[in-house]
There are 2 protein chains.
Amino acid sequence: MSPTHTEVTAPAGAADPTGPAAPADLDPCGRVDHPDCGIRDVLDRIGDKWSVLVIVELAGGPRRFRELQRAVDGISQRMLTLTVRRLERDGLVLRTVYPTVPAQVDYRLTETGAGLTHLVKALADWSLEHRAVIAEARHTYDRAHTDHDIR
Amino acid sequence: MSPTHTEVTAPAGAADPTGPAAPADLDPCGRVDHPDCGIRDVLDRIGDKWSVLVIVELAGGPRRFRELQRAVDGISQRMLTLTVRRLERDGLVLRTVYPTVPAQVDYRLTETGAGLTHLVKALADWSLEHRAVIAEARHTYDRAHTDHDIR
DNA sequence: CAGCATCCGCTAGGATACTG
DNA sequence: CAGTATCCTAGCGGATGCTG
């Protein structure tokens with residue numbers, strides 16, 4: 001009667017097997033700006049607005065589909081589905097399906113995902129700290145360039 | 001014969017007044033996931049693939065337009081222009097035009113931009129560290145879902 | 001509730017050509 | 001070199017409707 005994960009079985013309450021493991025010996029290319037190194041892949045996941053919001057929300061603990069949709073609010077369920085699926089695919093989020101009557105699914109961060117959270121939070125904090133400066137810079141810029149917007 | 005900045009005059013070598021100041025008293029909303037708080041604005045700047053790459057490249061010191069384009073390589077000059085303009089608008093990058101014969105422009109991070117660099121680097125590092133795990137997760141996922149891709 | 005499927009507009013972004 | 005201007009397409013992402 002254990003809830004069916006999209007993947008392998010695992011009791012929701014206990015461990016998620018995202019454990020240590022981590023061979024990480026595919027391509028020790030150290031260059032940060034090298035397009036082929038896979039940074040882009042991960043960054044692209046950060047890129048789309050929704051992923052970040054979902055991750056931040058999940059940082060507060062497991063959420064069900066509707067909870068997520070209401071929390072992020074502004075996201076369509078289509079985008080939520082896609083976002084959450086991609087995060088699951090990347091192993092950042094664990095999806096658990098409980099075979100109850102009206103169907104119930106919850107999402108939680110894996111350890112990998114939780115690690116990313118810290119960085120995302122740092123980014124969010126930085127944003128908060130500098131939003132005023134940036135807003136000011138934009139106004140100044142826009143005043144100097146009264147013509148076409150760049151946005 | 002000081003080079004003309006896009007904005008106000010300021011000797012490139014000396015200060016940019018992004019100093020301490022930082023009133024930051026516009027909207028002390030602390031919520032990280034609140035869409036109206038401006039986090040999104042900054043995050044969106046991180047969002048598009050090019051900004052991050054350009055910032056990382058500029059972290060290595062001032063670069064000229066073509067240098068940037070060659071360094072990032074893969075970016076069209078259209079996108080480079082847009083990216084760099086947006087970064088300038090946000091006060092993250094300083095654009096300096098030298099009125100030489102074949103025209104010469106260089107871009108460098110402002111102090112604000114340099115601050116962001118650390119976070120971006122952290123993100124890039126994280127990406128490198130976890131790319132293997134993520135790639136593995138994707139393969140596993142894809143093997144389990146042989147049908148339509150999510151990508 | 002938790003989703004997949006479909007239609008569809010919008011724009012991010014590449015390719016190309018021209019200017020100062 | 002350092003852009004600007006156009007054209008044009010892939011896909012992101014919203015709205016809506018249907019299943020289990």
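In what follows, chains are A, B, ... by sequence order, proteins preceding strands, each numbered from 1.
- Taking 3.5 Å as the limit, the base of D:dG17 and the side chain of A:Q77 contain a donor-acceptor pair of atoms between them.
- The side chain of B:V105 sits closest to D:dA2 out of D:dT4, D:dA2, C:dC1.
- Following rounding to the nearest Å, B:H145 (NE2) and C:dC4 (P) show an atom-to-atom distance of 9 Å.
- As a whole-Å value, the separation of A:I75 CD1 from D:dC12 P is 14 Å.
- Between the CD atom of B:Q69 and the C1' atom of D:dA2 there is a distance of 10 Å, rounded to whole Å.
- As a whole-Å value, the separation of A:L82 CG from D:dG13 P is 9 Å.
- Put simply, the side chain of B:L53 does not reach to within 4.5 Å of the side chain of B:I75, judged on heavy atoms.
- Contacts of A:R63 with the nucleic acid, taken as non-hydrogen atoms under 4.0 Å apart, are absent.
- We find that CG of A:L80 is positioned 13 Å from P of D:dG13, with the value rounded to whole Å.
- Contact of the B:R86 side chain with the B:L92 side chain is not registered, since no non-hydrogen atoms from C-beta on lie closer than 4.5 Å.
- Between A:R85 and the phosphate of C:dG3, there is a side-chain N or O to OP1/OP2 separation shorter than 4.0 Å.
- Using a 4.0 Å cut-off, some side-chain N or O of A:R64 falls inside it from OP1 or OP2 of C:dA2.
- Here B:R95 contributes atom CZ and B:R85 contributes atom CZ; the two are 4.0 Å apart, rounded to the nearest 0.5 Å.
- For the pair B:L58/B:L68, a side-chain contact is recorded, criterion being any heavy-atom separation below 4.5 Å from C-beta on.
- For the pair A:L80 and A:F65, the tightest heavy-atom approach, listed with the atom from each and the gap, is CD2-O, 3.5 Å.
- Five base pairs at each end of the helix from C:dC1-D:dG20 to C:dG20-D:dC1 define two local axes, and these are offset by 40° (rounded to 10°).
- Neither OP1 nor OP2 of C:dT11 sits under 4.0 Å from any side-chain N or O of B:R78.
- With rounding to whole Å, B:R86 atom CZ is found 11 Å from C:dT11 atom C1'.
- Here D:dA2 is the nucleotide among C:dA2, D:dA2, D:dC12 with the atom lying nearest to any side-chain atom of B:F65.
- If you measure from atom CE of B:M79 to atom C1' of D:dA2, you get 16 Å, rounded to the nearest angstrom.
- Ion pairing of B:D106 with B:R63 is absent here, as no side-chain N (NZ or NE/NH1/NH2) approaches a carboxylate O to less than 4.0 Å.
- If you measure from atom CH2 of A:W50 to atom C1' of D:dC12, you get 12 Å, rounded to the nearest angstrom.
- Side-chain nitrogen and oxygen atoms of A:R95 include at least one within less than 4.0 Å of the OP1 or OP2 phosphate oxygen of C:dG3.
- The two residues B:A71 and B:E57 make their nearest non-hydrogen contact at CB-CD, 3.3 Å.
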